[in-house]
Amino acid sequence: KNQKKKMTGRKVKIEVDGMRCEKGCANKVKTALEKVDGVINVKSNFSERTFTVTTEEEDSYTDNNTDINERLIDAISSLGAFSCQIVDMESEMEEISNSAKLLPK
């Protein structure tokens with residue numbers, strides 16, 4: 001399935017405890033996160049027990065992104081077997097402008 005891709009947005013990294021297997025647990029969490037309104041993309045890293053979620057740009061302006069963060073945490077918590085916390089947030093635009101500085105002219 002094709003996800004809509006935007007260059008603008010915000011990345012949120014979530015650490016999830018309680019996952020025992022990549023196919024079952026990690027996929028369950030990934031699917032739950034993908035269903036959250038405002039989510040563009042979800043990448044999982046089972047060895048680190050983290051998920052990096054890219055959210056729509058407009059959500060980053062609502063109360064310092066609290067709304068979308070709460071929805072992401074609620075989606076994982078609703079599965080019952082996992083505990084989670086947000087470990088990092090960054091703006092896609094910051095990442096793009098930082099990497100652009102590294103390119104030779």
Side-chain angles (χ1 to χ4, degrees):
K1 62 186 180 185
N2 287 336
Q3 296 279 358
K4 55 185 175 178
K5 292 195 176 181
K6 289 183 182 181
M7 288 308 287
T8 55
R10 191 183 244 337
K11 283 188 179 176
V12 181
K13 190 173 187 179
I14 304 171
E15 194 175 79
V16 180
D17 290 323
M19 291 189 297
R20 293 184 303 280
C21 59
E22 190 167 4
K23 287 199 166 109
C25 300
N27 283 345
K28 244 186 230 179
V29 174
K30 185 173 190 261
T31 301
L33 290 170
E34 287 171 339
K35 289 179 182 175
V36 174
D37 191 36
V39 168
I40 299 170
N41 187 35
V42 179
K43 287 185 183 167
S44 62
N45 183 330
F46 183 71
S47 61
E48 286 184 11
R49 304 288 197 264
T50 60
F51 293 84
T52 303
V53 181
T54 306
T55 63
E56 290 177 1
E57 178 186 22
E58 50 270 21
D59 278 326
S60 65
Y61 298 110
T62 55
D63 193 20
N64 198 21
N65 222 23
T66 306
D67 295 344
I68 186 78
N69 290 350
E70 285 179 5
R71 291 197 301 261
L72 295 171
I73 296 295
D74 287 348
I76 297 170
S77 299
S78 70
L79 298 172
F82 313 108
S83 61
C84 57
Q85 63 177 352
I86 290 174
V87 289
D88 192 26
M89 283 188 284
E90 69 181 35
S91 166
E92 284 269 328
M93 291 310 291
E94 287 168 19
E95 187 178 288
I96 290 165
S97 63
N98 286 342
S99 61
K101 290 175 193 165
L102 302 173
L103 296 174
K105 296 195 173 193

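These values consider heavy atoms only, across backbone and side chains, with no hydrogens, waters or symmetry-generated copies.
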Problem - Value rounded to 0.5 Å, distance of CG in Asn69 from CD1 in Ile86 - result: 3.5 Å

Completion exercise
OG1 (Thr54) and NZ (Lys43) are apart, to the nearest 0.5 Å, by 6.5 Å

Completion exercise
Exactly one candidate in Ile14, Val12, Val39 meets side chain to side chain contact (heavy atoms under 4.5 Å, CB included) with Leu33; the answer is Ile14

Practice task
Keeping the roles fixed (side chain from Arg10, backbone from Met89), state whether a donor-acceptor pair exists under 3.5 Å.
Solution key: no

Only distances under 3.5 Å count here; give the side-chain donor-acceptor pairs of residues 15-24 to other protein atoms, sequence neighbours excluded, each with its distance to 0.1 Å.
{"from": "Glu15", "atom 1": "OE1", "to": "Gln85", "atom 2": "NE2", "distance (Å)": "3.0"}

Handout entry: Interatomic distance, Ser77 atom OG to Glu70 atom CD [nearest 0.5 angstrom]
Key = 11.0 Å

Problem - Nearest-0.5 Å distance that lies between atom CZ in Phe51 and atom CD in Glu34 - result: 9.5 Å

Problem - Distance in Å, Asp37 CG paired with Leu72 CG, rounded so as to fall on 0.5 Å steps - result: 10.5 Å

Exercise for the section: Decide yes or no for Thr52 and Asn45: does some side-chain heavy atom of the first lie under 4.5 Å from some side-chain heavy atom of the second? Expected result: no

